[in-house]
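Have a look at the structure below, then the notes.
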There are 2 protein chains.
Amino acid sequence: MPSIYDVAREARVSIATVSRVFRGTAPVSAATRERVLAAARALGYRPNRIARALAEGRTRAIGVMLPTDISNPFYAQLAQHVASCARTASYDVAVGLPPDDSVESFLETTAALEERQVDGLLLCASCSRVAAYAARRPQGACPAVAVGCLPTVDVPLVSADEEYGGYLITNHLLALGHRRVAFLCAPGQPGTAHPQGREHGYIRAMDARGLEPLLWHGVGTLESGYTRVRDLMAEHGDLTALVAVNDAAALGALRALYELKRPVPAHVSLTGFDNVVQGVYSAPALTSVDLPVAEMAERAVRLLLSLVGCDGTVPTRIIVRPRLVVRESTAPPRPH
Amino acid sequence: MPSIYDVAREARVSIATVSRVFRGTAPVSAATRERVLAAARALGYRPNRIARALAEGRTRAIGVMLPTDISNPFYAQLAQHVASCARTASYDVAVGLPPDDSVESFLETTAALEERQVDGLLLCASCSRVAAYAARRPQGACPAVAVGCLPTVDVPLVSADEEYGGYLITNHLLALGHRRVAFLCAPGQPGTAHPQGREHGYIRAMDARGLEPLLWHGVGTLESGYTRVRDLMAEHGDLTALVAVNDAAALGALRALYELKRPVPAHVSLTGFDNVVQGVYSAPALTSVDLPVAEMAERAVRLLLSLVGCDGTVPTRIIVRPRLVVRESTAPPRPH
DNA sequence: CTGAAAGCGCTTACAG
DNA sequence: CTGAAAGCGCTTACAG
């Protein structure tokens, strides 16, 4: 690989001039500019970004922590939008993919990103992970913004109003006439001290009508939705509606109800959360809650880049509103 | 952020010694080692990997190009396994996420990874992208290994025998008694000069029984599976089985057949490809072809790392065998 | 507009 | 086992 010295020799200029041409900012005469570019082309020169980063004291890259399982379409879309927003701002993105689900792996992967001197960090992760990160964050670390987690951590963040989403979709079921409605949880949700999760919206909607909430544990995956709903229906066969914590769990629940011969929505209504594309093509299509992923990605990148450089890290909190999407999986309860 | 100089001053040793301690290879006396570590801990020092990379002439990171839509569980799993294999070998992974689907974005993103001086590149991409990369690859570029594409490119690669998979699953349908079987394609597949894709396995199986192949265009997504199968059944209502190019398309097709009141598998048999988890929980669960993703990831990382450093880039080709997974979406054709 | 020098934070020989 | 010097490939003031 040719270096800046090779180009300088070939074009008969100093390395400072070659540098000026490739940075594009400092003034260079048209003639030398041409000469340098020609030399670079002939040699196949490409600036070494790592050397540039060392000299400049910044990398022009932001780190993006993603969950281990990136097949979750919410995070997949988030990553995609983040990548394009960053590119628009002339930043590279360095993706961090924890090798497994443990908090330690998460922290190690963020550390690896920081050792590579990213200018900022976007944390697409659960609030427990973000909290663990915040707790061990060394002073002088690059700015970080959490995206998509509950706003329970003292870190700049952009999140959706999950509680409101949970309220919206539960209320949709209650308005249809359902009274025996269970909530299928994801881990860490019930019992958290901060009433901002999806399940708290469910609880608020139930409480408002004087109904008894029923929280049923799960982990928010296809498999968990399937096995947990089999158990749930065995114990509470009189339920007429299920609010799943996300679309994956709802899709697993859909399969369980199919096997149990409890047609959706004729016998049981079912809702998801996240408005994932798989829920559009399931049979029946899922009623869900849409999170404005593109907007969240864009605002997160903007916020992070505004924090880069300026130390005044005011803990900004941006909360966006989710939206109910009614499809085929919900209907009035059948008369008994 | 403290630098190696700060630690050296604090521990009253030379920077060379601090460097030795943190590299862990060169001999250092236990006493100075302790002193250096204590100083580093006190200051919160973390080695600057970017400076190290510049000095060493290598980054100890491999770049991994992923498709724009990483929600495809095949690539998601691949990425996950690659990340853990790389970490086991003490390599970081730098993920490249093209901001959109164009070949230009793909090439720009690989270039960005190369400018950041990754030691090797894993290309999880279609063979047309890999071919475009190979065509413009400068001499002296880091070694690259393609994974998961058709073995039609002159690049070291690890791929599945897709033709065999297509043959396997088509033959499964033919053995059940089906005779009017269509193949739902993904772009770039029909008409390629290299008969190694899934659709060629289908063609071979059909030919072997003297049956007329029917290739139907599509793009291999949920949406395309849905809309294209509506069109297909309108024109060829007598089909008794459909071979989809992948599980996503099959899931879209499943929804279309549901709307058309053509129950699967009672009226029409349907197969997927990739053995994605969504196909396990669909109703009916999909008969599919399983690709050994973990093995592919591991062999790809191994191959790439063996290529790093040694210039003898022999175009190695590793082809792994897929496996038929029979579930609920296939059955004998109903008697007419 | 252009060049010579110093420096970014490390590692690599080379001495001792 | 340890240190002083040079160098990795760039950029940043400083002169001219």
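Residue numbers begin at 1 in each chain, while the letters A, B, ... track the order of the sequences. Values below: every heavy atom of this structure, side chains too, minus hydrogens, waters and symmetry copies.
- Atom-to-atom, CD of B/Gln117 to C1' of D/dC10 comes out at 11 Å; the value is rounded to the nearest Å.
- Of the candidate nucleotides D/dT2, D/dT12, C/dG7, C/dG7 has the atom lying nearest to any side-chain atom of A/Ala55.
- The separation between B/Glu34 atom CD and D/dC1 atom C1' is 16 Å, rounded to whole Å.
- The residue among B/Leu54 and A/Phe22 whose nearest nucleotide of DNA chain D lies closer to the 5′ end is B/Leu54.
- The closest side-chain donor-acceptor pair between A/Arg9 and A/Tyr5, if any, does not fall under 3.5 angstrom.
- Looking at which nucleotide of DNA chain C each of A/Tyr5 and A/Ser14 is closest to, the 5′-most match is held by A/Ser14.
- Across D/dC10, D/dA13, D/dG3, the shortest atom-to-atom separation from the side chain of A/Ser3 is found for D/dC10.
- Distance B/Asn48 CG to C/dC10 C1': 7 Å, rounded to the nearest Å.
- Listed nucleotides: C/dT11, C/dA4, D/dT2. Nearest to the side chain of B/Thr17: D/dT2.
- B/Glu115 has its CD atom 10 Å from the P atom of D/dC10, to the nearest Å.
- Among the protein residues, A/Tyr45 comes within range of the sugar-phosphate backbone only, with heavy atoms under 4.0 Å from sugar or phosphate atoms but none that close to a base.
- Comparing C/dG9, D/dG3, D/dT11 by their closest approach to the side chain of B/Val13 singles out D/dG3.
- Of the residues near DNA chain D, A/Arg23 and A/Ile50, the one whose nearest nucleotide (by heavy atom distance) lies more toward the 5' end is A/Ile50.
- For B/Ala51, counting side-chain heavy atoms from C-beta on, the closest listed nucleotide (C/dC10, C/dT11, D/dC10) is C/dC10.
- Separating the CG atom of A/Asp6 from the C1' atom of D/dC8 is a distance of 13 Å, rounded to the nearest angstrom.
- Using modelled atom types, one finds a donor on one side chain and an acceptor on the other under 3.5 Å when comparing B/Arg129 with B/Ser126.
- When heavy atoms are screened at a 4.0 angstrom cut-off, A/Ile15 is found touching base atoms of the nucleic acid.
- The separation between A/Arg46 atom CZ and D/dC10 atom P is 12 Å, rounded to whole Å.
- Rounded to whole Å, atom C1' of D/dC8 lies 17 Å from atom CD of A/Glu56.
- Evaluation of atom-type donor-acceptor distances gives a pair under 3.5 Å for the side chain of A/Arg20 against the base of C/dG3.
- Pairing for C/dA13 is absent, judged as Watson-Crick or G-U wobble with the two contacts each under 3.5 Å.
- The listed nucleotides are D/dT12, D/dC10, C/dT11; the one nearest the side chain of A/Ile4 is D/dC10.
- B/Arg60 and B/Asp119 are not joined by a salt bridge, as no carboxylate oxygen comes within less than 4.0 angstrom of a charged side-chain nitrogen.
- With a cut-off of 3.5 Å on both Watson-Crick or G-U wobble distances, the partner of C/dA4 is given as none.
- For C/dC1, the OP1/OP2 oxygens have no side-chain nitrogen or oxygen of A/Arg33 closer than 4.0 Å.
- B/Met65 contributes atom CE, which lies 8.5 Å from atom CG of B/Leu107 (distance to the nearest 0.5 angstrom).
- Not one side-chain nitrogen or oxygen of B/Ser19 sits closer than 4.0 Å to the OP1 or OP2 atom of C/dG9.
- For the pair A/Arg49 CZ and D/dT11 P, the interatomic distance rounds to 10 Å; values are reported in whole Å.
- A donor-acceptor pair shorter than 3.5 Å cannot be found between the side chains of A/Ser84 and A/Arg87.
- For B/Arg302 and B/Ser306, the side-chain atoms include no donor-acceptor pair closer than 3.5 Å.
- With distances taken from any side-chain atom of B/Ala16 to the nucleotides D/dA4, C/dG9, D/dT2, the minimum falls on D/dA4.
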